[in-house]
Amino acid sequence: MRRVSTRARFWSNLVLGAGTATLVAGAAQAAPLVKECSKTGEFVIGFSQANNAEPYRQHVNDQLTAAAKKVPQFKLQIADGAGNVNTQTSQMDNFITQKVDLILISPFEAAPLTPVVARAMKAGIPVIELDRKTVGEAGKEYTAFIGGDNFKIAEEAGKYVADKLLPQGGEVAVLQGLPSSTPAVERLNGFKSGVKDNPKVQVVAEQAADWLPDKAQTAFAAMLQAHPNIKAVYASNDMMAAGARLAAKGAGKLDQVKILGTDGLPGPAGGIRAVAEGEWAATFTYPTGGPEAIEMAKSILLDCADKVATVVTVPTTAITPDNAKQLMQN
């Protein structure tokens with residue numbers, strides 16, 4: 001699976017001064033992040049995905065697979081966590097037992113998966129976290145985190161509501177993702193921060209729907225009964241935005257409620273189409289980080305990097321009626 005690359009650990013430098021050659025003893029170079037790395041080696045990368053059933057997760061898998069195929073030395077193994085921390089823990093332990101060269105993980109929940117990530121690092125396997133962080137410290141308990149800034153993405157959504165959709169104010173609601181995941185917490189807090197730009201906008205209801213459209217539909221239907229004047233709803237992912245629209249339709253309030261999503265997925269069931277066709281007011285892309293993760297793996301496994309950035313923030317795009325149709329054609 002691996003081929004060892006010999007790398008000098010000490011260097012010497014010849015310094016010329018006053019006509020005299022002085023040999024200066026070299027300092028030790030920092031060791032690579034992995035014990036075995038090589039431009040010509042063959043490496044196995046394991047990826048524990050939180051839940052393949054979510055369209056966003058499949059989008060991540062597709063982008064990771066496409067990026068990995070461009071690197072002949074890499075073999076990517078994707079394991080479906082199926083929305084279960086015990087399943088993901090077993091997958092991670094299996095990767096450790098197999099002695100894969102590098103692990104990628106999108107943790108379904110943060111705290112329960114922190115110990116197994118630490119075990120992988122202790123075994124000498126770099127771990128790059130995508131989209132969701134565990135509780136450990138970047139650079140120590142995991143190698144790096146790659147993803148969007150959930151707080152800022154949701155804050156941008158909140159500002160869009162406050163400034164563009166409801167400048168005169170009004171009642172709004174929030175559909176939160178799985179509360180035990182870091183993106184759910186960050187998106188909730190970010191949106192509430194963004195709408196503060198307009199004191200006339202009031203968040204009158206917020207509820208977790210665990211990223212699921214059916215739960216979002218049920219939750220938002222109840223919200224509309226309790227607060228019939230809701231004018232906008234921010235869903236923490238596109239799937240919940242779709243559920244919210246069904247609830248608004250069922251309540252006869254499609255013309256009243258502005259719907260905002262997060263993910264900006266392509267395809268017929270994605271948020272880009274929903275905005276382009278006027279079903280939603282906006283959605284905000286959450287980048288997969290897949291191409292960036294493979295680039296980082298190349299640095300570690302092929303280039304023998306002794307350090308990488310512990311946080312890589314991938315930028316987002318606001319998808320509104322102004323650009324949605326153009327993005328559909330790209």
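The figures that follow rest on heavy atoms only: side chains count, while hydrogens, waters and symmetry mates do not. By convention here, the first residue in the shown sequence is residue 1.
- Taking the ring pair (Phe, Tyr, Trp, His ring centres under 6.0 Å) definition, one finds that Phe220 meets it with nothing, sequence neighbours left out.
- Cluster membership for Phe151 and Val174, using ILVMFWY side-chain heavy atoms within less than 4.5 angstrom, is not shared.
- Summarising the geometry of Gly177 relative to Ala184, their closest heavy-atom pair is C-CB, 3.6 Å, with the distance given to 0.1 Å.
- Asn52 and Arg57 share no donor-acceptor pair across their side chains, judged by distance under 3.5 Å alone.
- Residues Phe145 and Thr310 have side chains not in contact (no heavy-atom distance under 4.5 Å, counting atoms from C-beta outward).
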Exercise. Run the side chain to side chain contact (heavy atoms under 4.5 Å, CB included) check on Met223 and Ile230 step by step: do they pass?
Worked result: CA-CA 8 Å; Met223 289 176 177; Ile230 288 175; 4.1 Å; yes
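- Here the side chain of Asn323 pairs a donor or acceptor atom with the backbone of Thr320 at under 3.5 angstrom.
- For the pair Val161 and Phe191, the minimum side-chain heavy-atom distance is below 4.5 Å.
- Ion pairing between Glu279 and Arg273 holds under the 4.0 Å rule for side-chain N and carboxylate O.
- Proximity of Ile146 to Met296: side-chain heavy atoms (C-beta onward) are separated by under 4.5 Å at one or more points.
- No side-chain donor-acceptor contact under 3.5 Å links Thr87 to the backbone of Ala82.
- Linking ILVMFWY residues whenever their side-chain heavy atoms come closer than 4.5 Å, directly or via other members, leaves Met121 and Val135 in distinct clusters.
- Within the 4.5 Å cutoff, no side-chain heavy atoms of Lys122 are placed close to those of Arg119.
- Between atom CG of residue Leu130 and atom OG of residue Ser106 there is a gap of 4.5 Å, rounded to the nearest 0.5 Å.
- Around CD of Gln326, the count of heavy atoms belonging to other residues, nucleotides or ligands within 6.0 Å does not exceed 12.
- With a 4.5 Å cut-off on side-chain heavy atoms, Ile45 and Leu104 count as touching.
- Judged by the 6.0 Å and 45° rule, Arg187 forms a cation-pi pair with Tyr286.
- Across all non-hydrogen atoms, the minimal contact from Arg132 to Pro107 is CD-O, 2.8 Å.
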Problem set entry | Derivation of the side chain to side chain contact (heavy atoms under 4.5 Å, CB included) call for Phe108 and Gln49 | CA-CA 8 Å; Phe108 184 68; Gln49 175 61 281; over 6 Å; no
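- When all heavy atoms of Pro321 and Val275 are compared, the closest pair comes out as N-CG1, 3.7 Å.
- Note that CG of Asn51 and CD of Gln88 are 9.0 Å apart. Values are rounded to the nearest 0.5 Å.
- Side-chain atoms of Asn198 come within 3.5 Å of backbone atoms of Ala162 as a donor-acceptor pair (strictly under, hydrogens ignored).
- Between atom NZ of residue Lys231 and atom CG of residue Leu165 there is a gap of 11.5 Å, rounded to the nearest 0.5 Å.
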For this session: Go through Val44 and Phe74 one step at a time and tell me if the side chain to side chain contact (heavy atoms under 4.5 Å, CB included) criterion holds.
Result: CA-CA 6 Å; Val44 175; Phe74 287 174; over 6 Å; no
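- The shortest side-chain heavy-atom distance between Thr288 and Asp131 does not fall under the 4.5 Å cut-off.
- Atoms CD1 and CE, on Ile319 and Met328 in that order, are 11.0 Å from each other to the nearest 0.5 Å.
- A salt bridge does not link Glu156 with Lys159: every distance from a Lys NZ or Arg NE/NH1/NH2 to an Asp or Glu carboxylate oxygen is 4.0 Å or more.
- The shortest side-chain heavy-atom distance between Cys304 and Lys39 does not fall under the 4.5 Å cut-off.
- To the nearest 0.5 Å, atom CD1 of residue Ile125 and atom CZ of residue Phe95 are 10.0 Å apart.
- Looking at Ile103 and Pro126, their side chains never come closer than 4.5 Å, going by heavy atoms from C-beta outward.
- Separating the OG1 atom in Thr143 from the CG atom in Leu102 is a distance of 7.0 Å, to the nearest 0.5 Å.
- Checked for salt-bridge contact, Lys298 and Asp303 miss the test: no charged N lies under 4.0 Å from a carboxylate O.
- Thr285 places no side-chain N or O within donor-acceptor distance of the main-chain N or O of Pro287, the cut-off being under 3.5 Å.
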For this session: Any chance you could lay out the side chain to side chain contact (heavy atoms under 4.5 Å, CB included) test for Val172 and Val233, step after step, and finish with the verdict?
Result: CA-CA 6 Å; Val172 301; Val233 56; over 6 Å; no
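- The cluster map of Ile, Leu, Val, Met, Phe, Trp and Tyr, joined by side-chain heavy atoms under 4.5 Å apart, puts Val185 and Val85 in different clusters.
- No hydrogens or angles considered: nothing links the side chains of Glu109 and Ser181 as a donor-acceptor pair under 3.5 Å.
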Only distances under 3.5 Å count here; give the side-chain donor-acceptor pairs of residues 236-255 to other protein atoms, sequence neighbours excluded, each with its distance to 0.1 Å.
unit_1 : atom_1 : unit_2 : atom_2 : d
Ser236 : OG     : Leu175 : O      : 3.1
Asn237 : OD1    : Met240 : N      : 2.9
Asn237 : ND2    : Trp211 : O      : 3.1
Asp238 : OD1    : Thr262 : N      : 3.2
Asp238 : OD1    : Thr283 : OG1    : 2.8
Asp238 : OD2    : Gly264 : N      : 3.1
Asp238 : OD2    : Leu265 : N      : 3.1
Asp238 : OD2    : Gly271 : N      : 3.2
Lys253 : NZ     : Pro228 : O      : 3.2

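- Remark: the backbone N or O of Ser48 is not paired with any side-chain donor or acceptor of Gln77 at under 3.5 angstrom.
- At a cut-off of 3.5 Å, with distance as the only test, a side-chain donor of Thr134 or Glu129 sits close to an acceptor on the other residue.
- Residues Thr313 and Val311 share a closest heavy-atom pair of OG1-CG1, 3.9 Å.
- Closest heavy-atom contact between Ala293 and Ile128: O-CD1, 4.1 Å.
- Minimum heavy-atom separation, Ala157 to Leu260: O-CD2, 4.1 Å.
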For this session: Kindly indicate, with the supporting measurements, whether the criterion salt bridge (Lys or Arg N to Asp or Glu O under 4.0 Å) is fulfilled by Glu186 and Lys152.
Result: CA-CA 8 Å; Glu186 291 166 355; Lys152 288 185 177 180; over 6 Å; no
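- Side chain of Asp210 to backbone of Leu212: no donor-acceptor contact under 3.5 angstrom is found.
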